[in-house]
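Sequence lines set the chain letters: A, B, ... in the order given, protein chains first and strands last, and positions in each chain run from 1.
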Number of protein chains: 2
Amino acid sequence: MTNGKRERSQRTRAAILQAARERFAADGFERTTIRAVAADAEIDPSMVMRYFGSKRGLFAAAADFDLALPDLSRVPSDELGAAVVDHFLTRWEGEPTDDSLRVLLASAATNAAAAAQMQEIFRAQLAPVVAAAGPHDPPTAATRAGLVATQMLGLALCRYVLRLSPVVDLDRDAVVHWLGPVIQRYLTEPSG
Amino acid sequence: MTNGKRERSQRTRAAILQAARERFAADGFERTTIRAVAADAEIDPSMVMRYFGSKRGLFAAAADFDLALPDLSRVPSDELGAAVVDHFLTRWEGEPTDDSLRVLLASAATNAAAAAQMQEIFRAQLAPVVAAAGPHDPPTAATRAGLVATQMLGLALCRYVLRLSPVVDLDRDAVVHWLGPVIQRYLTEPSG
DNA sequence: CGCCCAAGTCAACAGCTGTTGGCTAATCTC
DNA sequence: GAGATTAGCCAACAGCTGTTGACTTGGGCG
């Protein structure tokens, strides 16, 4: 066949990872079973162990993602809030859909390792961008990043996980209209 | 002994419920085992079944709670936001501590029944209060309630579940200072 | 006292879990 | 082509899970 051994290996590895992302996002860490992931990927459960070592290893691989935040120092300072909200919506609802955030959100609530991973992502990815965007006031930068996290993760929680209908029904423009000024304030308002 | 039979029954029932609340809040629905709850309550696992029928029944009893929202129509309209934020903080951090919200938050992410229960609580308890507090504009009342939920549940998620350090480090006054105006806006800003 | 009901215990069930080791067969390397 | 390497499958393990039923104990009440 045209399939080399290496190519075949990479393909099944990718299939496992995709199935794992969907399962973890839908069911969380505990309820996701290796057997179910393997069934979705149409391979044997033992293959998951071969490729990822353990369930934790599989989760770490599935939940490792990049917020891909843009450089906010190039955005006009009065459009920062709208830009951030718009970026997150694109990240979560664009094509191709990346379930990683939902994976973490659904698992971090009940799994210490997942919570730690979430902390690390926001510390390493969100905090520096916020620091670069806002007033040059290092002590408050971490606080500002934390506040942004409360609103954006709260949105993700209500919209994608809890599926509260008034929040699900908001269209993109409405979300930007309502949350944009909030994020703007968290980023730029003097700490008083 | 001084213990009547009825009194003893009520006491063990309460002990089971308290142990269940702590376990569910700490570990979520899936990782909480009936055996662990029974051990905490110092009784036999089968007693849990006797009193609550099933694990789901136990969860429903542990997660059934009252937001105890005050009547916002008596609060000066420019203090609405601060009053709401302050109320939630008191509810979550006051004495005696009520773990119910954490129970739901930790479980709703991975359990459809818990998510439904969360939806119901916000529909039945938060939405009407928001409707009574804001402008008399029924179509937007549900939206306003949803927006309030995104910010307040996001706060709870980051502060109590994920334990993001910048959010945990905020004291009460700082939380009110930052979130108060946000909630105020969600409650009263014209929908334009 | 003597009956009765309910609180509580004990042991077991059937099922599912993550994980392991041995096996086959197909591919790569020389 | 011979031999090593590796993807993949199968069967099994030890442990834990929610749940059940039979059994024992002790208070409530006539």
Item to check | Protein-nucleotide distance (A:Arg35, atom CZ; D:dA12, atom P), rounded to Å | outcome: 13 Å
I'd like a list of close polar pairs between nucleotides 2-5 of chain D and the protein, N/O only, cut-off under 3.5 Å.
from  : atom 1 : to     : atom 2 : distance (Å)
D:dT5 : O2     : A:Lys5 : NZ     : 3.1

Checklist entry - If you check every side-chain atom of B:Lys55, which of D:dT19, D:dG8, C:dG18 has the closest atom? => result D:dT19
Next on the checklist: Could you tell me how far apart A:Met49 (CE) and C:dT17 (C1') are, to the nearest whole angstrom?
Outcome noted: 11 Å
Checklist entry - Counting side-chain heavy atoms from C-beta on, which of D:dT19, D:dT17, D:dC10 comes nearest to B:Thr33? => result D:dT17
Next on the checklist: Check the phosphate of C:dA7 against B:Ser9, side-chain N and O only, distance under 4.0 Å to OP1 or OP2. Yes or no?
Outcome noted: yes
Next on the checklist: I need the CZ-P distance between A:Phe59 and C:dG18, as an integer number of Å.
Outcome noted: 14 Å
Checklist entry - With side chains defined as the heavy atoms from C-beta onward, is the minimum distance between A:Tyr160 and A:Leu105 less than 4.5 Å? => result no
Next on the checklist: Please pick, from C:dA7, C:dT19, D:dT19, the nucleotide with the shortest atom-to-atom distance to any side-chain atom of B:Arg8.
Outcome noted: C:dA7
Next on the checklist: Tell me whether A:Arg56 at atom CZ has more than 12 heavy atoms from other residues, nucleotides or ligands lying less than 6.0 Å away.
Outcome noted: no
Checklist entry - Just how far, in rounded Å, is C1' of D:dT17 from CZ of B:Arg31? => result 15 Å
Item to check | A:Glu93/A:Arg159 ion pair, N-O < 4.0 Å | outcome: yes
Checklist entry - Of all the choices, D:dC10, D:dG8, C:dT9, which nucleotide is nearest to the side chain of A:Ser46 once you look at every atom? => result D:dC10
Checklist entry - Among A:Thr150, A:Leu147, A:Val182, A:Ile183, whose side chain to side chain contact (heavy atoms under 4.5 Å, CB included) with B:Val182 holds? => result A:Val182
Item to check | Interatomic distance where CZ belongs to B:Arg13 and P belongs to C:dG8 [whole Å] | outcome: 13 Å
